[in-house]
There are 2 protein chains.
Amino acid sequence: MRIGELSRASGVPVPTIKYYLREGLLHPGELTSATQARYGEDHLERLGLIRALAEGAGLPLARVRTVLEAVDRPPSSPLELLASVTEVPGEDDLDRSEAVALLQRLGWDDVDPRSSSVLALARALRSMSEAGFAVEPEHLLALGRAMGSVAEIEVAGVPLDDPAAAARYVVLGTALVGPVLLALRQVGHVHASLQRLGG
Amino acid sequence: MRIGELSRASGVPVPTIKYYLREGLLHPGELTSATQARYGEDHLERLGLIRALAEGAGLPLARVRTVLEAVDRPPSSPLELLASVTEVPGEDDLDRSEAVALLQRLGWDDVDPRSSSVLALARALRSMSEAGFAVEPEHLLALGRAMGSVAEIEVAGVPLDDPAAAARYVVLGTALVGPVLLALRQVGHVHASLQRLGG
DNA sequence: TAGATTGGATACCTGCGCTCTCCAATAGTG
DNA sequence: CACTATTGGAGAGCGCAGGTATCCAATCTA
C-alpha cells in the first residue's frame with residue numbers, strides 16, 4: 001500500500017498522515033526507494049487507533065503518543081501501565097486529605113496516597129468545592145462504590161495469560177471506555193429523570 | 001469591589017477578567033461612571049465557577065458559556081436542562097442500533113433513541129470498535145447498570161422544591177461530578193489490580 | 001517518454017485562550 | 001487642587017495544538 005491508498009482506505013488526508021509520521025505516531029513505511037515507501041495493514045489499524053483515541057476519546061496527540069508507546073513496548077507492571085495512560089503532570093502540593101478519607105471509607109487503603117490517581121481525585125474534588133458545589137458524603141461514597149464496581153468489571157476483563165494483549169486491553173480500555181461510561185451516565189440521567197419526575 | 005480587587009480576591013489576572021467580560025461569561029459590573037464599575041460577591045463566585053468548569057471540568061469556554069446561561073435562565077424542563085449541558089453538535093446519521101439494543105437490555109427503553117445522550121453513546125461505542133477494541137456484551141451491560149446506579153444517585157440528589165437550585169445542581173453536577181467519577185474509576189483500577197494481582 | 005504520485009522538508013493557517021497596549025476618564029492622595 | 005494610579009473599553013498580538021499547503025526532486029505508471 002502506498003500513502004495515497006492508505007489515505008483512501010482510512011479516510012485520513014495524505015498531509016495528515018505525513019504529519020502523524022513526522023510526529024512519530026505512525027511508524028514509517030518500508031522504504032523501497034528514495035521516494036517510495038510501502039505501508040501495510042498494521043498502518044491502517046494504527047491510523048484507526050490514532051483517530052479513535054484523538055477524536056473518539058478526546059486525547060491530545062501527546063497523550064496518544066504515550067498510549068501508543070505503551071502499547072508498543074508494554075511496561076512490565078500493570079500499575080506502571082495504568083500510570084502511562086492516566087498520568088497528567090500537575091501541582092503535587094495539594095490537599096489530599098478529603099480524597100484519602102474517601103478512600104478509607106471505601107476500604108481502598110491499599111492504594112498509595114501519592115499515586116497520580118489519588119492526585120486526580122483530589123483535583124476533581126477541589127474543582128467541585130471551588131465552584132461552590134457540594135455532594136453529600138454518603139452520596140460520594142455511593143458513587144465511589146459504583147465506580148469501584150466499574151473498575152472491578154474492567155480489571156476482571158484483562159487477559160492475564162498474554163502480556164501484550166493485557167497491555168493493549170488496559171491501555172485502550174482506560175482511554176476508550178471512559179467516554180462510553182460518561183455517555184451511559186448521561187442516558188442514565190435521562191432515564192432516572194423520567195422515572196422520578198414522570199414523562 | 002473594583003476590577004483590581006476582584007482580580008486579587010480571585011487570583012484571576014485583570015486582563016483575563018476583562019476577556020471574560022468581553023466574552024459574556026461574566027456579567028458587567030455596575031457602572032458608576034464612564035470608566036468605573038463596581039463588582040460584587042456574585043462576580044467573585046461566578047469567577048470561581050468559570051475556572052472550575054474550564055480548568056477543573058475541562059470544558060471549552062463556549063460550553064462554559066452555555067452552562068452559565070442555563071444556570072442563569074433555567075429551561076423549564078429538567079430534560080432540556082440536561083441537554084443544554086451535554087449537547088455536542090455532530091453528525092446525526094450514525095448507526096444507533098448497538099446503543100439502542102444496549103438500552104433495551106438495561107430496561108431504559110423510555111429514553112428517546114434520537115436524544116443527544118443516545119447519540120453520545122453511539123459515538124463512544126463506534127470509537128471503540130474503530131480502534132479494534134471490543135468489550136463483551138455482558139460486561140457492557142454490567143457497566144451500564146453501574147452507571148445507571150450512578151445516575152440514580154445523582155438524580156436523587158436534585159432538590160425538587162426550588163427550581164433555580166435544581167437547575168444549578170443539575171448543570172454543575174453534570175459537569176463537575178464527571179471528572180470525580182473518572183478519578184474514582186482510576187483509583188478503583190489501582191485497587192482492583194492490587195486485589196487481583198497482589199502487590 | 002509524459003504525466004501523475006511520492007517522500008521529505010518547510011512554511012503556512014485556524015481556533016482557542018488568553019495577554020499586551022493604548023487611551024481618555026476618573027479616583028484617590030497629599 | 002494637582003498629580004499619580006487605576007479603570008473601562010477596544011484592538012492587536014501571542015503561544016500552542018493540530019493540521020494544510022507548497023515545493024522539490026526522485027520515481028512509478030501508462
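Only this structure's heavy atoms are used, side chains among them; waters, hydrogens and symmetry mates stay out. Here is how names work: the chains are called A, B, and so on, in the same order as the sequence lines, proteins then strands, and each is numbered from 1.
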Side chains of [X] and [Y]: does their closest heavy-atom pair fall under 4.5 Å?
{"X": "B:Leu181", "Y": "B:Val150", "answer": "yes"}
{"X": "B:Val100", "Y": "B:Arg105", "answer": "no"}
{"X": "A:Asp110", "Y": "B:Gln195", "answer": "yes"}

In whole angstrom, what separates [X]'s [atom1] from [N]'s [atom2]?
{"X": "A:Leu59", "N": "D:dA17", "atom1": "CG", "atom2": "C1'", "value": "14 Å"}
{"X": "A:Tyr39", "N": "C:dT6", "atom1": "OH", "atom2": "C1'", "value": "9 Å"}
{"X": "A:Leu31", "N": "D:dC28", "atom1": "CG", "atom2": "P", "value": "12 Å"}
{"X": "A:Leu26", "N": "D:dG18", "atom1": "CG", "atom2": "C1'", "value": "16 Å"}
{"X": "A:Leu53", "N": "D:dG18", "atom1": "CG", "atom2": "P", "value": "13 Å"}
{"X": "B:Tyr20", "N": "D:dG8", "atom1": "OH", "atom2": "C1'", "value": "19 Å"}
{"X": "B:Leu61", "N": "C:dC18", "atom1": "CG", "atom2": "C1'", "value": "9 Å"}
{"X": "B:Ile50", "N": "C:dC16", "atom1": "CD1", "atom2": "P", "value": "17 Å"}

How many angstroms lie between CG in A:Leu121 and OG in A:Ser116, if you round to the nearest 0.5 Å? 11.5 Å
Quick check: on DNA chain C, is the nucleotide nearest B:Glu55 upstream (toward 5') of the one nearest B:Arg2, or the reverse? Name the residue that is more 5'. B:Glu55
With DNA chain D as reference, determine whether A:Lys18 or B:Glu5 sits nearer its 5' end, using the nearest nucleotide of each. B:Glu5
Between A:Ala34 and A:Tyr19, which residue's closest nucleotide on DNA chain D lies nearer the 5′ terminus? A:Tyr19
Would you indicate what A:Pro28 reaches in the nucleic acid, counting non-hydrogen atoms under 4.0 angstrom: base, sugar-phosphate, or nothing?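 A:Pro28: no heavy atom of the nucleic acid under 4.0 Å.
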For B:Leu21, which contact category applies under a 4.0 Å heavy-atom criterion: base, sugar-phosphate, or nothing? nothing
Are B:Leu26 and B:Leu59 linked, directly or through intermediate hydrophobic residues, by side-chain heavy-atom contacts shorter than 4.5 Å (ILVMFWY only)?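 Yes; tracing contacts between hydrophobic side chains, which count when under 4.5 Å, links both residues.
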C:dA27 phosphate, OP1 or OP2: any side-chain N/O from B:Thr35 under 4.0 angstrom? no
Is the phosphate of D:dC28 approached by A:Ser33 (side-chain N or O, under 4.0 Å from OP1 or OP2)? yes
Check if the side chain of A:Arg22 and the base of D:dT20 share a donor-acceptor pair of N or O atoms closer than 3.5 Å.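 Pair found.
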